[in-house]
Chemist: 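Below is one structure. I have some questions about it.
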There are 2 protein chains.
Amino acid sequence: MAKQDKAGERMPRLEQQLCFAIYQVGHAFNRAYRPILADLGLTYPQYLVMLVLWEQDGLAVKDLGERLMLDSGTLTPLLKRLEASGLVRRERDARDERQVRIHLAEKGEGLRAQGRCVQEAIGQALGGAAGEAGRLRDQLGLVRDALLAASRED
Amino acid sequence: MAKQDKAGERMPRLEQQLCFAIYQVGHAFNRAYRPILADLGLTYPQYLVMLVLWEQDGLAVKDLGERLMLDSGTLTPLLKRLEASGLVRRERDARDERQVRIHLAEKGEGLRAQGRCVQEAIGQALGGAAGEAGRLRDQLGLVRDALLAASRED
DNA sequence: GCCATTTAGATTGTGTACAATTAGATTGTC
DNA sequence: GACAATCTAATTGTACACAATCTAAATGGC
């Protein structure tokens, strides 16, 4: 009985909801990454961009956006900041001048080794929870796909 | 062997990382909620605040912040927008004038019923993935706590 | 009672996010 | 080849998110 509304009037408790659990663990990841990435002079989204570029250089803004689920409104200023930091170069594609291709600059290439250490630090922060990470990740992928499919249906 | 650097040089692929799965599913939730909440004139963080207030009215900004893991720098402008929309009132506590207590305004109270429908819509968007939501949520809670504990250790 | 310390909220500055719009390049069709 | 439709980035405006700082109020020790 305690703290419950009339029948049919149940308001879901915040802590019971999956979306909130994800909202919170996203914040927690951000906090864990922040001090580590601050040593590299990167924010978390900037680090994601660098991860993609370390894997494949010379991508267009659109490619980066598809990989990270971000649009040009987010990426353009972010990439300009990375360029200002000397980590990447932004160059118009000569063949298709609509596209801007992002290349690692020397300094960005040099950060690659330090980037590898970041994951170790995060793995350590996860501690015992690291074991389940793989399965969790896959389940979250299913949730993501279900939500995106529903969004596309309008 | 395939697509692997020299020994010890493995750069973790974006898609294999738990943090990125959470980053993406957070975006996906946001997109799923946005059109639903737009009908109520709310953003997702604003909706979270309303959920808390529907559960317990008259909380101080600090209480809301602890519940949602947000600080005054985020909450103050958000609450001012909710006040401007006529959903809440912000009142200095007479006994402790440092605190600002947030009360549901009439319009905010009236939104309660519609708030209940939001969860149904999201549950529908989750589709088959909804069944696992409970266990997933609990596992994410463990991840969150591990990260926060590690953050506190500096 | 007085004053250092702590606390609560607001403010400032930087950096995502995303909708909506715009500018310029490219493509498809006739 | 002209030209409408499409595509890529950039831009504008609104809204989180958080570090750092500031102000006013409350508290604790003496």
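Lettering follows sequence order; numbering is per chain, from 1. Because only heavy atoms are used, hydrogens play no part in the values below, and waters and symmetry mates are left out as well, while side chains stay in.
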Chemist: Who pairs with A:F29 by ring pair (Phe, Tyr, Trp, His ring centres under 6.0 Å), at least two apart in sequence or on another chain?
Modeler: none
Chemist: Going by the rule side chain to side chain donor-acceptor pair (under 3.5 Å), which residues pair with A:R137 if we only count those two or more places apart in sequence or in a different chain?
Modeler: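 Listed in chain order: nothing, the list is empty.
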Chemist: Once side chain to side chain contact (heavy atoms under 4.5 Å, CB included) is applied, do any residues pair with A:S72, and if so which ones, sequence neighbours excluded?
Modeler: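 Listed in chain order: A:T76.
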Chemist: Round to the nearest Å and state the distance from B:L48 atom CG to D:dA15 atom P.
Modeler: 17 Å
Chemist: With sequence neighbours excluded, give me every salt bridge (charged side-chain N to carboxylate O under 4.0 Å, His left out) pair touching residues 67-78 of chain A.
Modeler: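 Sorted result for residues 67-78 of chain A: A:E55-A:R67, A:R67-B:E15.
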Chemist: For B:E83, check side chain to side chain donor-acceptor pair (under 3.5 Å) against everything at least two apart and list the hits.
Modeler: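 Once residues adjacent in sequence are excluded, the partners of B:E83 under the side chain to side chain donor-acceptor pair (under 3.5 Å) criterion are B:R90.
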Chemist: If the condition is side chain to side chain contact (heavy atoms under 4.5 Å, CB included), which residues does B:E97 pass it with, not counting sequence neighbours?
Modeler: none
Chemist: Write down the distance between CD (A:E97) and C1' (D:dC7), rounded to a whole number of angstrom.
Modeler: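 Roughly 15 Å, once rounded to whole Å.
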Chemist: Report each atom pair, protein N/O against N/O of nucleotides 8-10 of chain D, whose distance is under 3.5 angstrom.
Modeler:
from, atom 1, to, atom 2, distance (Å)
D:dT8, O3', A:R98, O, 3.4
D:dA9, OP1, A:V61, N, 3.2
D:dA9, OP1, A:V100, N, 3.4
D:dA9, OP2, A:K62, N, 2.8
D:dA10, OP1, A:R90, NH2, 2.6
D:dA10, OP2, A:T76, OG1, 2.8
D:dA10, N7, A:S72, OG, 2.7

Chemist: A:D93 or A:L78: which one's nearest nucleotide on DNA chain C is closer to the 5' end?
Modeler: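 Result: A:L78.
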Chemist: Can you sort out which residues in residues 19-45 of chain B have a heavy atom within less than 4.0 Å of DNA chain D? Ascending by number, please.
Modeler: B:T43, B:P45
Chemist: Under the side chain to side chain donor-acceptor pair (under 3.5 Å) test, which residues partner B:E91, sequence neighbours left out?
Modeler: B:R89
Chemist: Below 4.0 Å from chain A heavy atoms, what is the first contacting nucleotide of DNA chain C and what is the last?
Modeler: C:dG15 to C:dT26
Chemist: side-chain contact (heavy atoms from CB on, under 4.5 Å) with A:L68: which of A:L78, A:V52, A:D63?
Modeler: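 Single side-chain contact (heavy atoms from CB on, under 4.5 Å) partner of A:L68 among A:L78, A:V52, A:D63: A:V52.
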Chemist: Considering residues at least two apart in sequence or located in another chain, which fulfil the ring pair (Phe, Tyr, Trp, His ring centres under 6.0 Å) criterion with A:Y44?
Modeler: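 For A:Y44, the residues satisfying ring pair (Phe, Tyr, Trp, His ring centres under 6.0 Å) (neighbours in sequence not counted) are A:Y33, B:Y23.
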Chemist: Considering only Ile, Leu, Val, Met, Phe, Trp and Tyr, and joining two whenever side-chain heavy atoms are under 4.5 Å apart, list the other residues clustered with A:L148.
Modeler: A:M69
